[in-house]
Structures are given as structure tokens and as C-alpha cells.
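We use all heavy atoms of the structure for the numbers below, so side chains are in, but hydrogens, waters and symmetry mates are not.
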Amino acid sequence: MTNQKFISTLIYVTFLIVIAAGCAPLRPDTNPLLDKKAFDISTRARSFNQHIMTAKGTAWARLETKTHVEKFKIAWAAVFPNKIRITFLLSGHPIETIVATGEKITFLSHTGKHTKYSYYSKDPDMKDYIHIPIKLSDMISVLLGRLPVKKFDDAYFSPSDASLSTITLGRTWKSATQYLHVNSKGKVAGLKMTDYEGTLLYDMTIIKYKTYNFGDIPIQIKLKDKDNKILMLSITNFLPNPPIKESVFQLTESR
């Protein structure tokens, strides 16, 4: 490599590093002992209910936007990490079924609103369907009784929060950030997800847990986006780790 090429490459790499550093939030100086505590709490949150690999359930869903409010019932069968069959019901009648197989997602209207259609995606964004910009895999985690905490390699308490209830989660070379909120009992009470620019994607608040013989799951969850659109989920029935046949995810018009 000539000196000119070497200098050009060095300038280009330096430029990329500066740009990346400019996009990423500055990490404050924190107490290493508290960092370890924050990391341990966050690790437990990420592994919460990881023993639940499949689930069936029902819930009430309430969607609020600036212009309207909708309330409907949902029933689902889900398999970690990316398979789900979910049906939306109104007055006890199915109106829409969505099936994701981990390779594609299919939509079937039971009211004739549209013809059945599919497109290939391993983890689609659900904004166009539930108005909240949450990935399907995160939604499946919620319906499995898990917490949609993504991978991280850094965790620290917010220096401005003396109650030690807010934890910032980061990942090397990933500028998207997660924020965990824990209550006085050490339980996760919320999770906020931002994109690489720091813009809010969604803010999840866990209003209520329910204790089963296998452990606790969140049963009242509030999801809110930056435009103040709100999705409230109230789980009414939950069955952990049932056998789910592959045929459940083969959607046909007759089903």
C-alpha cells in the first residue's frame, strides 16, 4: 500500500470512528460496584422466564390513538423465538388471524376485509398492525411471559436517580439503548427501547404481575410510542409450555 493510500484509509477510518462516537451517548463515570449490581439485575431480567418456550393464552387488548379507541380480544399460540398464531376477536367472532413461522408472516381476514396475503420476514415490525413500533419477536416474548430485553454488555444505574431504579443498558458498537426500570422489590416495572438516534421506539410498563405455580408473569402491560399511541394488554388466561403442533402455523382459508 502506498503512503497516499495508507493516509487516505487512515483518514476514512478515523472519520467513521468520529461519526460513530458522535452518534453514541456518552457513558457517565459510575461506581464499579453499582455497575455490577446493575448488570446482575439486568441479566436476571433478560433470563426471566426463559424456561417458558411455548405458551397459549387469551387477553384483552385496548388500542388508543389520537383519533380513536379500539378494544378486542386476542387468542394466541406461540413458540420461542419467532413462531406465533394470533387471532383478533370482536364480540366473540374472529376478525383477523396472523401467523408467523420464522420465515414468513401471513394475514387472513375473517370478515373479507382483504384477501389472504404473506410476505417473507423473520422478524417484522408490527407498527402497521398494532400501531406500536415493536418487533414481532419482542411481542412474542411478552406473550410468553418473558421480558423483551435485548443483548447488552454494559449496564449502569442512572447517576441522576438516587433511588437506583433506572438502569441503562448498552452494547459495544450498538448505539441503540435500553432502559430498565425496577421497583422497590427489585422487579422489572418497565422497559424503554430507543433507536440509534435516541428516539423512543416504545415504552413498556408492567402494571401487574400474577403468581402461578411455575412463577410470575406480567399480566397487565402498557406499551406506548413516541406519538403517545397506547396498547394495553390484560392477560386473562395463560398456559405455559403446552405442546403445539406445527400444523397450528399452517394457515388455510378454512381454518
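- What you find for A78 and L144 is that their closest heavy atoms are O-CD2, 3.9 Å.
- Remark: K116 NZ to T97 OG1 distance equals 11.0 Å, nearest 0.5 Å.
- The residues K127 and D125 are annotated as not salt-bridged, no charged nitrogen and carboxylate oxygen being separated by less than 4.0 angstrom.
- The ring pair (Phe, Tyr, Trp, His ring centres under 6.0 Å) test applied to Y212 returns F214, not counting sequence neighbours.
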Derivation of the side-chain contact (heavy atoms from CB on, under 4.5 Å) call for I132 and M126: CA-CA 7 Å; I132 305 293; M126 299 302 290; over 6 Å; no
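- The cationic group of R146 lies under 6.0 Å from the six-membered ring centre of F80 and within 45° of the ring axis, placing it in a cation-pi geometry.
- F238 is listed as a side-chain neighbour of I217, based on a closest heavy-atom distance under 4.5 Å.
- Two residues are said to be in side-chain contact when any heavy atoms from C-beta on lie closer than 4.5 Å; I74 and L233 meet this criterion.
- Cluster membership for L201 and M232, using ILVMFWY side-chain heavy atoms within less than 4.5 angstrom, is not shared.
- Scanning for ring pair (Phe, Tyr, Trp, His ring centres under 6.0 Å) contacts around Y117 gives F107, H114, with sequence neighbours left out.
- More than 12 heavy atoms of other residues, nucleotides or ligands lie within 6.0 Å of NZ in K229, so this atom counts as buried by the packing criterion.
- Heavy-atom minimum distance, A55 versus L143: CB-O, 3.9 Å.
- Here NE2 of H68 is found 5.5 Å from CG of L63. Values are rounded to the nearest 0.5 Å.
- The backbone N or O of P242 lies less than 3.5 Å from a partner atom in the side chain of T54, making a donor-acceptor pair.
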Full working for side-chain contact (heavy atoms from CB on, under 4.5 Å) between I98 and F88: CA-CA 9 Å; I98 302 174; F88 298 81; 3.7 Å; yes
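- The structure places NZ of K56 at 12.0 Å from CG of N241, a figure rounded to the nearest 0.5 Å.
- Looking only at distances, no side-chain donor or acceptor of R85 sits under 3.5 Å from a matching main-chain atom of A77.
- Judged by distance alone, the side chain of T205 and the main-chain N or O of I207 form no donor-acceptor pair under 3.5 Å.
- There is a path of hydrophobic side-chain contacts, each under 4.5 Å, that joins Y119 to I84.
- K122 contributes atom NZ, which lies 13.0 Å from atom NZ of K135 (distance to the nearest 0.5 angstrom).
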Chi angles and distances behind the side-chain contact (heavy atoms from CB on, under 4.5 Å) call for I167, F152: CA-CA 12 Å; I167 302 173; F152 62 92; over 6 Å; no
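- The closest donor-acceptor contact from the side chain of Q178 to the backbone of K150 lies under 3.5 Å.
- Between L231 and M139 the shortest side-chain heavy-atom distance falls below 4.5 Å.
- A distance-only check finds no donor-acceptor pair linking the side chain of T199 to the backbone of D195 [under 3.5 Å].
- D153 contributes a side-chain N or O that, together with a main-chain N or O of T172, makes up a donor-acceptor pair within less than 3.5 Å.
- For the pair K66 and N228, the minimum side-chain heavy-atom distance is 4.5 Å or more.
- Remark: the backbone N or O of T177 is paired with a side-chain donor or acceptor of T194 at under 3.5 angstrom.
- Judged by the 6.0 Å distance and 45° axis criteria, K187 is positioned over the aromatic ring of Y209.
- N237 and T58 form a side-chain donor-acceptor contact under 3.5 Å, judged by distance and modelled atom types alone.
- Taking all atoms of both residues into account, the shortest heavy-atom contact from A45 to L147 is O-CD1, 3.6 Å.
- A salt bridge does not link D40 with R44: every distance from a Lys NZ or Arg NE/NH1/NH2 to an Asp or Glu carboxylate oxygen is 4.0 Å or more.
- Rounded to the nearest 0.5 Å, atoms OG1 (T111) and CG (L90) are 10.0 Å apart.
- A donor-acceptor contact shorter than 3.5 Å links the side chain of D225 to the backbone of D227.
- By the criterion of side-chain heavy atoms lying less than 4.5 angstrom apart, applied directly or through intervening Ile, Leu, Val, Met, Phe, Trp or Tyr residues, F39 is grouped together with V188 in one hydrophobic cluster.
- Residues R46 and K151 are in side-chain contact: their nearest non-hydrogen atoms beyond the backbone lie under 4.5 Å apart.
- Listed for the D154 side chain is no donor-acceptor partner under 3.5 Å among the backbone atoms of G170.
- Note that OG of S163 and CZ of F157 are 9.5 Å apart. Values are rounded to the nearest 0.5 Å.
- The two residues P124 and I105 make their nearest non-hydrogen contact at CG-CD1, 3.9 Å.
- Shown here is E103, whose CD atom has no more than 12 heavy atoms of other residues, nucleotides or ligands within 6.0 Å.
- Under the 4.5 Å side-chain heavy-atom criterion for ILVMFWY residues, a single connected hydrophobic cluster contains both L180 and L164.
- Between D35 and R27 a salt bridge is recorded (basic side-chain N to carboxylate O distance below 4.0 Å).
- Between H110 and I95, every side-chain heavy-atom pair lies at or beyond the 4.5 Å cut-off.
- Between I244 and F249 there is a side-chain heavy-atom pair separated by less than 4.5 Å.
- Under the 4.5 Å side-chain contact rule for hydrophobic residues, L191 and I230 do not share a cluster.
- Classification of K83 and E246 as a salt-bridged pair holds, one side-chain N sitting under 4.0 Å from a carboxylate O.
- Contact detail for P218 and I235: the closest heavy-atom pair is O-CD1, 3.5 Å.
- The shortest heavy-atom contact between P148 and M204 is CD-CE, 3.8 Å.
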